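Below is one structure, written out as structure tokens, with a few remarks after it.
Predicted, not measured: the structure shown is a model, and the values here were computed from it. Residue numbers start from 1 in every chain, and the chains themselves are labelled A, B, ... in the order their sequence lines are given, proteins ahead of strands.
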Number of protein chains: 2
Amino acid sequence: MSPKRATNTAPTPHEVGQALVVASRALVGIAARSLAAIEGELTLPQYRALVWLAERGPSNVGALADAVGIHPSTATRLCDRLVHKRLIRRSNPPGDRREVVLTLAPAGEAIIAQVTRMRHAEIDRLVAGLDATARAEIIRALGRFADAAGELPDDAWQLGWS
Amino acid sequence: MSPKRATNTAPTPHEVGQALVVASRALVGIAARSLAAIEGELTLPQYRALVWLAERGPSNVGALADAVGIHPSTATRLCDRLVHKRLIRRSNPPGDRREVVLTLAPAGEAIIAQVTRMRHAEIDRLVAGLDATARAEIIRALGRFADAAGELPDDAWQLGWS
DNA sequence: CAAAAAGGGTGTAGGACTGCAACTATGACG
DNA sequence: CGTCATAGTTGCAGTCCTACACCCTTTTTG
């Protein structure tokens, strides 16, 4: 995990990858914990659906099924449960009367916000232990990485992790 | 997502948190994609069990149930399926004849390796697009972050993400 | 206007996870 | 040796995800 290299040479892509894989474990662990807090009330597909609605806004059933990667019929029944839990709302929009528009209900938004807040809080707790130099470095470094990551086809939502 | 701040001042912990949350999305997305590749053959709890066995080595049913956070009876039947898929092995160790020792089978190790490899490959692909300075910065910055994260109680495995 | 396409919902069926309760076998302790 | 604890399994019951096939309604299109 700790690549031994001459500190005066530029790190190879693979070495940087090593560092990112390690950080990935930490960050994914944090994400997992934030999610574990709502486990029991919400299944993973249900959470994925909420995240997607929070990101992309109101949507019809087909688009959601496509985004979450499930069969339309599965999406219908998944929405049944989310509606029953009052986390989303179904409505019949004007225009195309075949469509059903799914909207995140206040309770649904609250859950998403809670998970995000927990994640943020935990990360902030870690960052608080770093000095100013380290903080500045992280900001610059991760900014560049996020930019690079952002250039990829955005199917990172495949599993609904935010 | 891009906190506007004076570039000459030290970033606040919260600003660093912002950057990490953004990077977190990217990294978690990568982890999710690596996992999605084996979806269909393996459920999430099954994957979590494999990861745990890969990390901690051979284990009995109770410890695995505890680690993955499921009921012992659930663990028994989860193991039934993993054994049937030839991803793990059950054996009766000498000594305590009540215990059952679970071992990762070669096919199970292969799956873990495949997921890890995919994740690494995708991260490396991103890093390849960065220049030497950025790489060096990421190495330093993430090293410090990982150190800070490592000081936390290690329950990041709660959901079995590696 | 009739046929095809699109958007969703139902019926049906199966697999997986979940926990509780009861049971077997084994080990530890007095 | 008898009792209690431990490790694991099995029976049972419920929820959820999953897909396929089929149906209804609405819209588009020739």
Side-chain angles (χ1 to χ4, degrees), chain A residues 32 35-36 38-53 56 58-85 87-103 111 158-161, chain B residues 32 35-36 38-53 56 58-85 87-103 111 158-161:
Chain A
L35 200 51
I38 57 162
E39 224 182 10
E41 313 168 30
L42 218 53
T43 68
L44 186 54
Q46 285 170 11
Y47 175 72
R48 289 160 62 182
L50 290 189
V51 166
W52 194 78
L53 284 178
R56 314 287 159 120
S59 143
N60 58 13
V61 175
L64 181 132
D66 223 50
V68 179
I70 57 179
H71 199 275
S73 68
T74 305
T76 292
R77 280 178 274 241
L78 188 149
C79 288
D80 287 347
R81 296 176 200 111
L82 289 179
V83 166
H84 184 254
K85 292 178 185 174
L87 299 179
I88 69 173
R89 272 195 284 253
R90 258 193 266 243
S91 56
N92 306 75
D96 195 326
R97 273 191 307 215
R98 292 170 301 178
E99 278 190 338
V100 167
V101 165
L102 306 168
T103 322
I111 284 190
Q158 203 59 31
L159 277 181
W161 299 85
Chain B
L35 200 50
I38 58 162
E39 222 183 12
E41 312 167 32
L42 217 53
T43 68
L44 186 54
Q46 286 171 13
Y47 175 72
R48 289 160 62 183
L50 290 188
V51 166
W52 193 78
L53 284 178
R56 314 286 158 122
S59 143
N60 57 14
V61 175
L64 181 131
D66 223 50
V68 178
I70 57 180
H71 198 277
S73 66
T74 306
T76 292
R77 279 178 276 241
L78 188 149
C79 289
D80 287 346
R81 296 177 200 112
L82 289 179
V83 166
H84 184 253
K85 290 178 185 173
L87 298 179
I88 69 173
R89 272 194 284 255
R90 255 193 268 243
S91 56
N92 305 76
D96 195 327
R97 271 190 308 212
R98 292 170 300 178
E99 278 191 338
V100 168
V101 164
L102 307 167
T103 322
I111 285 190
Q158 203 59 32
L159 277 181
W161 297 84

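- In this structure, CG of B/L78 is placed 14 Å from P of D/dG8, rounded to the nearest angstrom.
- Here the CG atom belonging to A/L42 is positioned 12.0 Å from the CZ atom belonging to A/R48, to the nearest 0.5 angstrom.
- Using five terminal pairs a side, the axes of the helix from C/dC1-D/dG30 to C/dG30-D/dC1 at its two ends make an angle of 10°, given in steps of 10 degrees.
- Across the protein-nucleic acid pair, B/L44 atom CG and D/dC16 atom P stand 18 Å apart, rounded to whole Å.
- Here the C1' atom of nucleotide D/dG8 and the CG atom of B/L64 are 13 Å apart, to the nearest Å.
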What are the atom names and distances for every N/O pair under 3.5 Å that joins the protein to nucleotides 12-16 of chain C?
from, atom 1, to, atom 2, distance (Å)
C/dT12, O4, A/R77, NH2, 3.4

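- Between the CZ atom of B/R48 and the C1' atom of C/dC17 there is a distance of 11 Å, given to the nearest Å.
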Using nucleotides 1-3 of chain C, report all nitrogen or oxygen pairs with the protein that are shorter than 3.5 Å.
none

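- Counting only heavy atoms from C-beta on, A/T74 has its side chain closest to D/dT18 among D/dT9, D/dA21, D/dT18.
- The distance between atom CG of A/L42 and atom P of C/dT18, rounded to the nearest whole Å, is 15 Å.
- Among B/V101, B/L102, B/I88, the one residue that satisfies the side chain to side chain contact (heavy atoms under 4.5 Å, CB included) test with B/P58 is B/V101.
- Heavy-atom distances under 4.0 Å link DNA chain C to A/R98, A/E99, A/V100 of residues 91-102 of chain A, given in residue order.
- Atoms CD1 (A/I70) and P (D/dC20) sit 13 Å apart, rounded to a whole Å.
- With sequence neighbours excluded, no residue satisfies side-chain hydrogen bond (donor to acceptor under 3.5 Å, both in side chains) with B/N92.
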Without placing hydrogens or testing angles, list every side-chain donor-acceptor pair under 3.5 Å for residues 75-84 of chain B, not counting sequence neighbours.
from, atom 1, to, atom 2, distance (Å)
B/T76, OG1, B/P72, O, 3.3
B/D80, OD1, B/R90, NH2, 2.2

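- For B/E41 against B/Q46, the heavy-atom pair with the smallest separation is O-OE1, 4.1 Å.
- Atom P of nucleotide D/dG11 and atom NE2 of B/H71 are separated by 16 Å, given to the nearest angstrom.
- Between B/D80 atom CG and D/dT9 atom C1' there is a gap of 9 Å when expressed in whole angstrom units.
- Under the rule for a salt bridge (charged side-chain N to carboxylate O under 4.0 Å, His left out), B/R97 has no partner lying at least two apart in sequence or in another chain.
- By the side-chain hydrogen bond (donor to acceptor under 3.5 Å, both in side chains) test, A/S73 pairs with A/H71, sequence neighbours left out.
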